[in-house]
Amino acid sequence: MGKAAAIGGALKSAGSKVTPGLTGAGAGATAVATQSAAKSFRNKGFPLFLAAVIIFIISQVLGLSDFYGYASVLFMVYCAYAVFEGRGAYIVTIFCVWYFLLGRASLESVLYYVVPIALIGSIIHGLLGKFKSKDTFAHGFTEEILYGLGAILIFFLDIGLVEMVSQGVVNLPYILTEILRLIPLWGYVGLFVMIQDEEKGEKSFFITVAKWLGIAYLVSIIIFASSIASGAEGEELLPGIEQFIEAKETAQGKFAKTENPAYSNLKCVVQGRFNDLPVCIKDRQDDSKRKVACEAEGFPEGTTSFNECTAELKELDNKNINVVGFNDKTIKEPITAELIPKEAKKYDLLHEKGQAIKIPIDLEIKNPRLDPFEVYVSCNITTQRRKTSIGEAEIVGFENKGENNEKGSKWKHFTIYKTESSIPLICQPTKLDYELNEETRIFNGSYNVVFYVEFKGVNTTSRLERSFFNDLKIYDEINKIKDLTSEQEQELRGKARKDFEEEMKEFLNLKYSSIESRHSTGPEDFARIDFSFGPSEGEPIIETSDSISFEADVDNLGNGKITNINSYNFIGFNGVTFSGSGCSLSGSLNVPQKFMKSSGIPIHLCWVDNLPEEMANPALGDETVEFRAELEYDYLIEREVGITAGVIDDKSK
Amino acid sequence: MIKANKIIGIVLLSLFLLGCGSGGGTKQIDYNFKQGTSGLQVSFMDNAPPKKIYENSNFNVILKMENKAAYDLVNGQITLSGINPQYFVFEKKTETFSILEGRNLYLPDGGVSYIEFPAKSEKLFLNAESYQGKYFLNIDFDSTMEFVDTICINPNLYSVYDAGCQIEDRKSYSGQGAPLAVVEVEEIIHPETVGGQVEFRFLLRNRGQGEVEYIELTKAMLGSSEFDECKFKEGYFDSKKVLLTKQNQEALLVCKTHLKEQGSYTTTVLLDFNYHYEMQEVHNLMLYE
């Protein structure tokens, strides 16, 4: 045979399923793999598993959470129709119609839609099953309910229900929220179905590999889960899919692009850090979060400002301060503020063409201490689903401050002079993205109006009481006894020390009987500065020979954001010296974005070198001192209201 | 008849005079104050301090001290501690007294003293409605206590024919007129064959509300002689002084002496003690707007 014939033979054989050129064991292995894949594909769980995993990976890498959210809907429908073999299909279908097309808007809609959905779907299934003589009505009814609601629950869990629940209702273990955030739930449903079906039939190599990979991934996520706060908001009874996704993103602290813990695990293993694997993974996760946070602040990676930003965040993280403080119960009237809409749910606003829309809200402020802070107000109008701004809006009246908020709307400003104020705010659009004319249907639909109120220069003070004892004086009486042997002296000193400790215990229980009295307390305003001073947190008795630490942080007590700490000042520490530098008794702090809503903005963690004479050596047995901490800060609150706008028809006049 | 009446009258008059005249010039009423365990009683005068103290006002804390013990209290110090000076400012937080007489025939209710602490209240914290200031009233002083009792010494433990006094192995007491009390005495006779010694074990206990810091033995007599040896079981060096702890407010004093006589006899045991006593009470000052 010539070369051509040999090549032709080779090409001919290339058309077969066996890889050209492969013979014997190699050809057999390929055939097995192909057959295994083919077998797997016939399994109903396989398409679900494959699609869910691929889409999850794409959404994680490219940050397309929205895309994943909508794909999750399709997975839910596929699951009901194919995987569950039609069980729950009616409920899922009717649910999709209600949720996506009818807007699942109100409590009434639950009664009018959700319950009937479940009942109708179940009845249909039960009746059809009975007529086809496959099943009893009751069995069909029950199956429809269980499978249908199950599919819907998996859908919500997959797109962010757990993050919302953990933020608003109960404290769920963060490991649970993290697992559900980072695993493709539908993928695992598909995998589970595949494994179940495989048990009934032939084993598939592909399914076995997928099973073990799935387990390995799940285990790695469980091990390296990290706590993230969630911050979803929503006015509706059941938030829209975008809000779930937003909650998920918010739960990630807008770190949707942070490194996947499983990848961090792999990198640390490759680096050989077997002895401190969890520490390595946590470091990589923290570095990733700081990187994303600084990029979000507008500092591109590689720049000096980016490096400074990450270093500052790292320093704040490393302080690891969380000081306990309590609200002062003797202050019954703290500073409060609330935005109260005129309507309980949505505003229905009818307007004539060309007429300005006005959306009102009341700002109720209680300022019993007549603190002279300033109030800045602004508003923004967005579409309901996408939350995108439709143009510029402003609060009517008040002095224009000349600055814009982050959404581009103007800040207006005024000062509070009374202990109680109820200020009506009216939001009005000033410039829209498209013209308001009679041809264009603008403001004829559902929108959200977000009101922003920032309080600048709010003052608060906290106090902390401590008692100082000179524990060295307890040996005075022993020192008077002459000619003691060292064993006798040691024994006596031991008894005296024990006696002193008993006395301190009694003093503690009598003077500092409540837990609040052992910690710092302050009014329950928007924020509170907490600080501790002593041998350990919550220990109010300080002995001359103690090592003393000084810690402070700021707690966010409300639902808003601490946007800036203008100043802090600690009083009563005259004569106290601290070791090292960086422990000043006054200063200010730029609050990083990720700390604005959090409880526990760290300020200080220092050690005391020396106490002044009156604290180290109290003249009369003990010295009681009250320390104070003053804080001035800015605070932002927001409130979103839904509006349904309609244009009054000329004919209706 | 008249003679008989005269005789009867003289007899009656003699009886009357005898009854009135007995005692040879001593007080008409003899009362032993050195019993029980009463000590110093402290109370506040009405409205000092007031139940409600208002911001930026002056007030007084006035203590009435009554010594119900049978012994003088000396070198006393009264201290107010734990006061938060942000809210209450005292001109002075310590007062002393040199002597507060104990109960005696001329002062059957004991000495009384009034101690005054002037003070001023400051402003409340921010717009708080009230402030509860817990503080401690600490009083310490020196005092004495005397134990006297008649006891039986009988060296012949096995003698059948000695009808002398009966030894009481163990005797209990209800106090000697001070918070520190000898509560129990144990008498142990060591016969001639083992040295002819008598040993007394005196158990002292704090029966008051405060604490005894230390006890010092200043005198120990059996009859007209001193004990050969007296020491506190947990004492140090000369063992005539013992420091007590919070948990253990008892001390055991062991005194021994040689027996001088062969036969049984009753005699007096006398012990004098000095002790330092501390009392602490917790009280409230309530500040309102």
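Computed from a predicted model, the values in this text were never measured in an experiment. Order of the sequence lines fixes the chain letters, A, B, ..., with proteins taken first and strands second; residue numbering starts at 1 for each chain.
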Original post:
More than 12 foreign heavy atoms under 6.0 Å from CD1 of A:Ile515: is that the case here?
Top reply: no

Subject >> Atom pair OG1/CD of A:Thr624 and B:Gln86 - distance to nearest 0.5 Å >> reply: 12.0 Å

**OP:** Go through the atoms of B:Gln247 and report whether side chain, backbone, both or neither lie under 4.5 Å from a heavy atom of chain A.
**Re:** both

Original post:
Without hydrogens or angle criteria, can the side chains of B:Lys134 and A:Ser517 be said to hold a donor-acceptor pair below 3.5 Å?
Top reply: no

Original post:
Taking A:Lys498, A:Glu502, A:Glu333, A:Lys329 one by one, which has the highest count of heavy-atom pairs under 4.5 Å against chain B?
Top reply: A:Glu502

**OP:** Please determine, among A:Leu510, A:Thr485, A:Asp499, the option with the most heavy-atom pairs under 4.5 Å with chain B.
**Re:** A:Asp499

**OP:** List in chain and number order the residues that pass salt bridge (charged side-chain N to carboxylate O under 4.0 Å, His left out) with A:Asp555, two or more places apart in sequence or in another chain; answer none if no residue qualifies.
**Re:** A:Arg528

**OP:** Would you check if B:Lys246 and A:Phe500 make a side-chain contact, meaning some heavy-atom pair closer than 4.5 Å?
**Re:** no

**OP:** Verify the neighbour count for atom CD of B:Gln209: are there more than 12 heavy atoms of other residues, nucleotides or ligands below 6.0 Å?
**Re:** no

Original post:
Do you see a donor-acceptor pair shorter than 3.5 Å between the side chains of A:Glu465 and B:Asn84?
Top reply: yes

Subject >> Verdict with reasoning, B:Phe125 to A:Asp328, per side chain to side chain contact (heavy atoms under 4.5 Å, CB included) >> reply: CA-CA 10 Å; B:Phe125 175 62; A:Asp328 191 323; 3.5 Å; yes

**OP:** Drop me the distance from A:Thr330's OG1 to B:Gln132's CD, to the nearest 0.5 angstrom.
**Re:** 11.0 Å

Subject >> Interface moiety of A:Tyr512 toward chain B, non-hydrogen atoms closer than 4.5 Å >> reply: neither

**OP:** Check whether B:Tyr214 gets within reach of chain A through its side chain, its backbone, both or neither, counting any heavy atom under 4.5 Å.
**Re:** side chain

Subject >> Option in B:Leu126, B:Leu124, B:Val282, B:Ile83 with maximal non-hydrogen atom pairs under 4.5 Å from chain A >> reply: B:Leu126

Original post:
For A:Ser462, is it the side chain, the backbone, both, or neither that has a heavy atom closer than 4.5 Å to a heavy atom of chain B?
Top reply: backbone

Subject >> Toward chain B, the part of A:Glu506 with a non-hydrogen atom under 4.5 Å >> reply: side chain

Subject >> CD/A:Glu524: more than 12 non-hydrogen atoms of other groups inside 6.0 Å >> reply: no

**OP:** Using a cut-off of 6.0 Å, state whether more than 12 heavy atoms not belonging to B:Asn56 lie near its atom CG.
**Re:** yes

**OP:** Sort out for me which of A:Val625, A:Thr460, A:Thr461 touches chain B most, counting heavy-atom pairs under 4.5 Å.
**Re:** A:Thr461

**OP:** Let me know if B:Glu213 has heavy atoms under 4.5 Å from chain A in its side chain, its backbone, both or neither.
**Re:** side chain

Original post:
Does atom NZ of B:Lys92 have more than 12 heavy-atom neighbours from other groups under 6.0 Å away?
Top reply: yes

